[in-house]
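Report on the following structure.
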Amino acid sequence: MLSPQAEILILAAIVAVACGLPGVFLVLRRMSLMSDAISHSILLGIVLAFFIIRDVSSPFLIIGAALVGVLTVILTELLKKTGKMKEDASIGLVFPALFSIGVILISKFAGNVHIDSDAVLLGEIGLAPFNRLLINGIDLGPVSWWIMGSVLLLNLIFIIVFYKELKLATFDSALAVSLGFSPAIIHYALMALVSITAVGAFDSVGSILVVALIIAPPSAAFLLTSRLHSMIYVSALIGIISSVSGFYLARIFDASIAGSMAMMSGIFFLAALLFAPGSGLIAKLITHRNRRYEFALSMLAVHLLAHEGTRKETEENTFTNSLIHMRWPKRFAEKVISKSVKEGLIVDDGKLLRLTDFGRSTARKVMTL
Amino acid sequence: MAKKRMAVNVEDLTVAYNEKPVLWDIDMAVPKGILLAVVGPNGAGKSTLIKTILGLIKPAAGTVEIFGASYKQQQHLVGYVPQRGSVDWDFPTNALDVVMMGLYGKLGWLRRPGKEEKKLAMEALEKVGMSHFAHRQISQLSGGQQQRVFLARALVQDAMVYFMDEPFVGVDATTEKAIITLLQDLRKRGKTVIVVHHDLETLKSYYDWAMLLNVRRIALGPVKKVITPKNLEQTYGGRAPFLAAKSQND
């Protein structure tokens with residue numbers, strides 16, 4: 001028997017990976033915000049399905065949610081197509097409308113049923129081990145394992161089977177059509193999957209945090225990888241690490257588990273943004289700094305060459321002048337000069353800055369560029 | 001000429017966005033084995049024409065035939081190079097992979113590309129002088145290199161008719177020369193190549209046929225016959241054609 005803690009950890013990892021799989025394609029299709037919309041409007045689907053079936057635990061609620069999820073996408077697209085609304089406004093208009101209808105229906109007709117709005121927004125993964133799947137008295141673990149496990153499996157199968165089609169439709173939907181594929185089918189299937197994933201996951205992490213797990217790990221993976229398949233693997237890995245570390249963070253601070261998981265996914269994204277090799281902000285900053293010095297070094301060499309041997313040399317080719325002429329701050333000028341000396345471009349005899357042979361040839365090379 | 005021998009035959013094609021016509025009653029019979037430029041001012045409907053022929057836009061009226069049958073039936077005979085700006089070049093993939101996408105149509109749903117496809121894609125990259133960049137992430141390629149990758153993707157389709165939407169936009173002179181040599185080579189091998197083109201100055205040296213378009217079809221035929229001052233005036237309105245060409249190259 002696993003401890004409740006281990007059960008929660010496993011569930012958290014399953015949820016994170018299940019969310020990240022469709023998330024990769026949402027991020028690449030620039031539709032990340034659609035996950036926010038869908039994760040809210042599915043409430044209406046759940047409520048409507050509940051009115052028909054009258055059973056809170058029925059799997060048909062998931063189908064209702066998926067249908068309303070796709071409806072959200074269709075309505076958004078219709079609104080955008082009128083040409084009067086941009087996409088962001090269309091999303092912002094559609095999902096609160098559907099969500100609010102769901103909220104009103106619950107408060108009016110289903111007040112005594114256990115679908116409360118706190119659970120919808122935040123979920124409670126800590127309670128998962130209490131709701132167990134028992135078949136013939138055999139304990140098969142938490143029910144949510146089976147729900148999210150199925151969702152994960154469904155997402156996996158869809159992406160493995162339609163990998164080529166998903167890639168083509170996401171990268172170049174015009175080519176996909178001209179080659180006889182239907183990007184529209186892929187598009188709505190993906191949206192249905194996002195809805196199913198959101199509905200499965202909101203029980204555990206709530207509808208808002210589900211969005212974090214759909215967007216943050218794929219976004220981090222996008223910064224770290226250069227191939228689609230590696231983006232999927234890395235995104236899954238970041239999802240797992242976020243959920244596990246989030247769980248322990250929550251234990252340490254006695255805080256919300258789902259909240260900590262989502263926060264960790266954000267922190268990992270931030271880390272990727274800062275430290276991604278080559279494309280990260282810090283790598284960019286270092287390149288920029290190096291380039292600035294490189295440019296300053298050649299500027300100094302060119303300046304010295306231009307005035308070398310002229311009457312003005314004693315006036316121009318000095319440290320003070322480099323401050324005035326190049327408009328460099330004092331500390332920067334000092335660094336540039338010491339770097340130039342170090343690289344053998346110039347010699348500083350205390351009065352004059354003199355070019356070396358290497359410095360002269362460097363300056364000439366720069367000028368011919 | 002018998003209808004069947006036409007590579008592309010468009011009849012009475014009308015396309016409208018929100019009841020506003022962008023293409024009016026276009027007839028377009030393109031014989032096999034020619035290199036055709038579609039020219040006209042901005043908003044003339046050049047891209048729309050190609051996209052409608054390829055089934056990307058539904059026409060309000062009219063028919064399209066490729067070698068005597070509907071596009072759906074003949075789609076395996078058609079290669080397409082969209083505008084370079086129509087895709088997101090930050091997509092996590094490399095040049096080789098993009099070229100292989102040209103073979104997805106032949107594979108159909110579900111079948112995965114394998115060694116054979118990789119080989120064909122490498123050969124196509126070789127033809128456009130890009131084999132060294134096969135494994136380069138596409139965002140790291142220059143505009144001209146990206147256009148070559150797109151061209152290789154069309155070559156790998158081994159089609160009979162090629163449609164290219166502004167392949168010369170934003171490419172360097174070397175790439176432009178390489179592309180036009182390749183297109184002329186395709187025509188020599190009996191393929192039909194239809195190109196949305198902007199530069200009127202290069203029209204005569206690059207192409208053997210031209211279609212002048214401005215919502216309506218102004219003229220279609222051998223370049224020398226259709227590029228007349230009167231036709232240009234009709235296509236570009238009051239503006240002198242060289243000015244029109246210039247402003248579009250900016």
Side-chain angles (χ1 to χ4, degrees), chain A residues 23-32 78 80-84 157-186 189 218-235 272 276-279, chain B residues 17-18 20 47 50-58 71-76 78-84 86-94 96-98 100-114 117 135-140 149-150 153-154 157 159 161-163 165:
Chain A
V24 165
F25 292 95
L26 282 186
V27 167
L28 289 177
R29 297 166 86 92
R30 300 169 185 237
M31 296 189 62
S32 313
L78 283 177
K80 197 179 137 200
K81 245 191 209 155
T82 61
K84 311 259 183 232
I157 291 173
F158 179 75
I159 287 174
I160 290 171
V161 171
F162 295 108
Y163 184 74
K164 172 177 112 246
E165 288 76 10
L166 271 165
K167 180 154 79 173
L168 179 62
T170 303
F171 177 63
D172 193 342
S173 68
L175 182 76
V177 174
S178 83
L179 290 179
F181 295 99
S182 172
I185 291 179
I186 292 282
S219 299
F222 177 75
L223 297 172
L224 295 170
T225 59
S226 58
R227 297 297 304 276
L228 179 57
H229 54 86
S230 41
M231 181 178 167
I232 294 172
Y233 301 141
V234 170
S235 156
S279 63
Chain B
Y17 291 135
N18 299 324
K20 195 171 168 272
S47 291
I50 285 191
K51 285 182 182 160
T52 313
I53 293 174
L54 295 171
L56 296 168
I57 296 171
K58 271 214 174 90
Y71 176 77
K72 262 216 166 105
Q73 287 167 293
Q74 306 285 46
Q75 149 215 314
H76 58 284
V78 178
Y80 175 41
V81 180
Q83 287 185 18
R84 186 162 54 87
S86 69
V87 305
D88 180 4
W89 290 94
D90 284 332
F91 191 86
T93 191
N94 61 27
L96 181 66
D97 213 34
V98 172
M100 275 202 278
M101 288 180 189
L103 294 161
Y104 285 9
K106 288 213 172 73
L107 289 167
W109 288 85
L110 306 185
R111 262 177 60 210
R112 293 288 189 94
E117 283 72 27
H135 298 285
R136 182 78 63 92
Q137 152 115 49
I138 53 172
S139 61
Q140 311 285 323
V149 169
F150 258 17
R153 189 177 71 176
Q157 286 181 256
V161 192
Y162 287 96
F163 292 90
D165 204 343

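Model, not experiment: these values are computed from the prediction. Quick note on labels: first sequence line is chain A, next is B, and so on, each numbered from 1.
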Counting only heavy atoms closer than 4.5 Å, note whether A:Phe162 contacts chain B via side chain, backbone, both or neither. side chain
If we define contacts as heavy-atom pairs under 4.5 Å, which of A:Val161, A:Asp172, A:Leu168, A:Thr170 has the most with chain B? A:Asp172
Under a 4.5 Å heavy-atom cut-off, does chain A meet the side chain of B:Val78, its backbone, both or neither? neither
Check whether any side-chain N or O of A:Lys164 sits under 3.5 Å from a backbone N or O of B:Gly108 as a donor-acceptor pair, and report yes or no. yes
Let me know if B:Gln157 has heavy atoms under 4.5 Å from chain A in its side chain, its backbone, both or neither. side chain
Expected output: side-chain B:Tyr80 to main-chain A:Ala174 donor-acceptor under 3.5 Å: no
Determine whether more than 12 heavy atoms belonging to other residues, nucleotides or ligands lie under 6.0 Å from atom NZ of B:Lys106. yes
What part of B:Val81 is in contact with chain A, defined as an atom under 4.5 angstrom from a non-hydrogen atom: side chain, backbone, both or neither? neither
Sort A:Ile160 into side chain, backbone, both or neither according to what part of it lies under 4.5 angstrom from a heavy atom of chain B. both
Check B:Gln137 against B:Pro92 and note the closest heavy-atom contact, atom names and distance. NE2-CA, 3.9 Å
Which bit of B:Phe150 is near chain A, if near means a heavy-atom gap under 4.5 Å: side chain, backbone, both or neither? side chain
Roughly how far, to the nearest 0.5 Å, is CZ of B:Arg111 from CD of B:Glu117? 7.0 Å
Counting distance only, does the side-chain N/O of B:Tyr71 pair as donor-acceptor with the main-chain N or O of A:Ser178 below 3.5 Å? yes
Interchain contact, B:Asp97 with chain A, by part (heavy-atom threshold 4.5 Å): side chain
